[in-house]
Number of protein chains: 2
Amino acid sequence: MPARERRQVASDAGLSKKRVVAEAVRLADREGVAELSMRRLARALGAGAMSLYYYVASKEELLDAMIDVVFEEIELPPEGTDWQSAMRRRAISARQVLARHPWAIGLMESRTSPGPANLRHREAVTACLRRAGFSVLMATHANWLLDSYVYGFALQEAGLPFDGADEFADMAEDVFLPQLPPDEFPYLNESAAVLAAAGYDPAEEFTFGLDLVLAALEPLRVPT
Amino acid sequence: MPARERRQVASDAGLSKKRVVAEAVRLADREGVAELSMRRLARALGAGAMSLYYYVASKEELLDAMIDVVFEEIELPPEGTDWQSAMRRRAISARQVLARHPWAIGLMESRTSPGPANLRHREAVTACLRRAGFSVLMATHANWLLDSYVYGFALQEAGLPFDGADEFADMAEDVFLPQLPPDEFPYLNESAAVLAAAGYDPAEEFTFGLDLVLAALEPLRVPT
DNA sequence: TTCGTACATCGTACGTCGTACGATGTACGA
DNA sequence: TCGTACATCGTACGACGTACGATGTACGAA
């Protein structure tokens, strides 16, 4: 009921767009985006459901803002190093962030207009590539390729029901192998068996493809 | 009301799981997956809402089945050619199919267990790579890399508000450039201007990255 | 011919959702 | 002192997924 002292930034108790969006992200991380409803979010904030609409025009706008928060968490490519190291860092950061907020990947499909953090990120990446000697066209190619890899990897990773080598080995032996008839899926059986025996860790998969892509992009630039 | 003659395959008029799922895919393609409700789907089939539950245990199961229909549409890597041509064809097919059903990308994030068509696809791809001389580990790397690229590209493409070079040029000049302050986003401005002037077609972007990736994978195999 | 049973269909109802609308209280400048 | 802008929220509406149970049809067995 009370209007509290006005501030640009969120006060510790009062609501604000920042606080609403941040709590929404926390809720989605914890319970999945399907469980995120305006009523639940309001309850988590100790407010009435309709109070949220003072800070957010609609649930769609809330989801847009949540995605932009995720982009804010991704490290920009650092300046002052070679382009490969810079792009490597930002890709690894992006993958970490998207693993923390897997729902973000699913939301991206339906959202067309990028938020401010997204734009800032694209600008920084493009700047890094252009300064490294990529032409506008080649920088565009590199951008598409790198982003596709990062997003696609995160999408696949989000669907994995295990983390780490141990869980993978357990799942492979207890779930995959028994469910895959060897005569119908001989190669998948072979893969599951060999990988589990070798202590394969899917978490290390990311850097392999990333480094391959970075190396493949190197000849496309004209060093200045 | 009437029970109609029993058949394994869907008769022309009666309901069946196949028909329900197919109509759901059509509805999602046309209106977006957010507009897909059990009631709307039933109406489109000329049935009552609850009738669908005779063929589908829940909406979740329906969504799973829809995704598997999408995987069925993707061409398997053809046998009898070199591995690069085979993987190239199936990647291009996958990208086409996912562009036709963009909602599928968004659904994948929340779904962990692959359907039968998905499994058949993975088996065929793994077989192709193994027969081309990739070790189990290298085939796994290649699989992850290629799938990440394809899915990630489709995800980004789904978010694009334009198709083809003309629409891109229009958007770049009418929307992007006016919305991006040149002092804050100099490189994005440069890119938009140069690409629009050069008649850049985002539809051709896919094969560039794909061929780069395929070439980068080539040295990883041990030809037999 | 009768009748039980399995198949297929659907109406109703419940709890939840997003949110339009308008009421209410507070703080502050005039 | 009072109007106005800010901030909060209760109520209500239509749509959602689906549990439950009723209903009708076809067909094999008696």
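For clarity, every value in this text was computed on a predicted model and none was experimentally measured. So that the names make sense, note that chain A is the first sequence line, chain B the second, and so on, each numbered from 1. These numbers come from the heavy atoms of this one structure, side chains and all, not from hydrogens, waters or symmetry mates.
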A.B. asks: Send over the distance from A:L63 CG to C:dC17 C1', rounded to a whole Å.
C.D. replies: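 Interatomic distance, CG of A:L63 to C1' of C:dC17: 14 Å.
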
A.B. asks: Nearest-Å distance, CZ (A:R19) to C1' (D:dA7)?
C.D. replies: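 Rounding to the nearest Å, CZ of A:R19 and C1' of D:dA7 are 14 Å apart.
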
A.B. asks: Using 30° and 60° as the class boundaries, would you call the ring planes of A:H141 and B:F208 parallel, tilted or perpendicular?
C.D. replies: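 Taking B:F208 first and then A:H141, their aromatic rings lie parallel (interplane angle under 30°).
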
A.B. asks: What's B:L36 touching, base or sugar-phosphate or nothing? Going by heavy atoms closer than 4.0 Å.
C.D. replies: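 Sugar-phosphate only.
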
A.B. asks: May I have the distance from A:R39 (atom CZ) to C:dT19 (atom P), rounded to whole angstrom?
C.D. replies: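 Checked: the CZ to P distance equals 11 Å.
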
A.B. asks: Is the shortest side-chain N to carboxylate O distance from A:K17 to A:E61 below 4.0 Å?
C.D. replies: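 Yes.
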
A.B. asks: Please find the pair of heavy atoms, one from A:V150 and one from A:A91, that lie closest to each other, and give the distance.
C.D. replies: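 Shortest heavy-atom separation between A:V150 and A:A91 comes out as CG2-CB, 3.9 Å.
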
A.B. asks: Rounding to an integer number of Å, can you tell me how far B:R40 CZ sits from D:dT18 P?
C.D. replies: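 Rounded to the whole Å, the gap is 18 Å.
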
A.B. asks: Would you say a side-chain N or O of B:Y54 is under 4.0 Å from OP1 or OP2 of C:dA8?
C.D. replies: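 The answer is yes; a side-chain N or O of B:Y54 sits under 4.0 Å from OP1 or OP2.
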
A.B. asks: Taking 4.0 Å as the cut-off, does a side-chain nitrogen or oxygen of B:S51 come that near to OP1 or OP2 on C:dC10?
C.D. replies: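 For B:S51, the contact criterion (side-chain N or O under 4.0 Å from OP1 or OP2 of C:dC10) is met.
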
A.B. asks: Rounded to whole Å, please give me the gap between CG in B:L27 and P in D:dC16.
C.D. replies: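 My rounded result for the distance is 11 Å.
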
A.B. asks: Stepwise, does the side-chain contact (heavy atoms from CB on, under 4.5 Å) test hold for A:V136 with A:R130?
C.D. replies: CA-CA 7 Å; A:V136 167; A:R130 292 284 288 119; 3.6 Å; yes

A.B. asks: Over 60° means perpendicular and under 30° means parallel, so classify the ring planes of B:F176 and B:F162, tilted if in between.
C.D. replies: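 Ring orientation of B:F162 relative to B:F176: perpendicular.
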
A.B. asks: I want to confirm an ordering. Mapping A:K59 and B:A47 to their closest nucleotides on DNA chain C, which one lands closer to the 5' end?
C.D. replies: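 Looking at DNA chain C, the more 5' nearest nucleotide goes with B:A47.
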
A.B. asks: Whole angstroms only, please: what is the NZ-C1' distance between B:K17 and C:dC7?
C.D. replies: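 Computing the B:K17:NZ to C:dC7:C1' distance gives 17 Å.
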
A.B. asks: Not counting sequence neighbours, list each pair that qualifies as a ring-ring contact (aromatic ring centres under 6.0 Å, His included) and has a residue in residues 31-54 of chain A.
C.D. replies: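 Not a single pair qualifies under ring-ring contact (aromatic ring centres under 6.0 Å, His included).
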
A.B. asks: What's the spacing between B:L119 CG and B:E123 CD if we round to 0.5 Å?
C.D. replies: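 Going from the CG atom of B:L119 to the CD atom of B:E123 covers 9.0 Å.
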
A.B. asks: According to the Watson-Crick and G-U wobble definition with distances under 3.5 Å, which dot-bracket string, read 5' to 3', encodes DNA chain C, using [ ] for crossing pairs and | for pairs with another strand?
C.D. replies: ||||||||||||||||||||||||||||||

A.B. asks: Taking only the side-chain nitrogens and oxygens of A:Y53, find out if one of them lies under 4.0 Å from OP1 or OP2 of C:dT19.
C.D. replies: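 Indeed, a polar side-chain atom of A:Y53 lies that close.
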
A.B. asks: Could you state the CG-C1' distance from B:L15 to C:dC10, rounded to the nearest angstrom?
C.D. replies: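 Rounded to whole Å, this separation is 11 Å.
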
A.B. asks: Whole angstrom is fine here: how far is it from CD in A:E31 over to P in C:dC17?
C.D. replies: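 Nearest whole value for this atom pair: 12 Å.
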
A.B. asks: Side chain of A:S37 only, please: which of C:dG18, C:dC21, C:dG11 is the nearest?
C.D. replies: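 Minimum distance to the A:S37 side chain belongs to C:dG18.
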
A.B. asks: Want to settle it: does A:G48 or B:M50 sit nearer the 5' end of DNA chain D, counting the closest nucleotide to each?
C.D. replies: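 Its nucleotide being nearer the 5' end, the pick is A:G48.
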
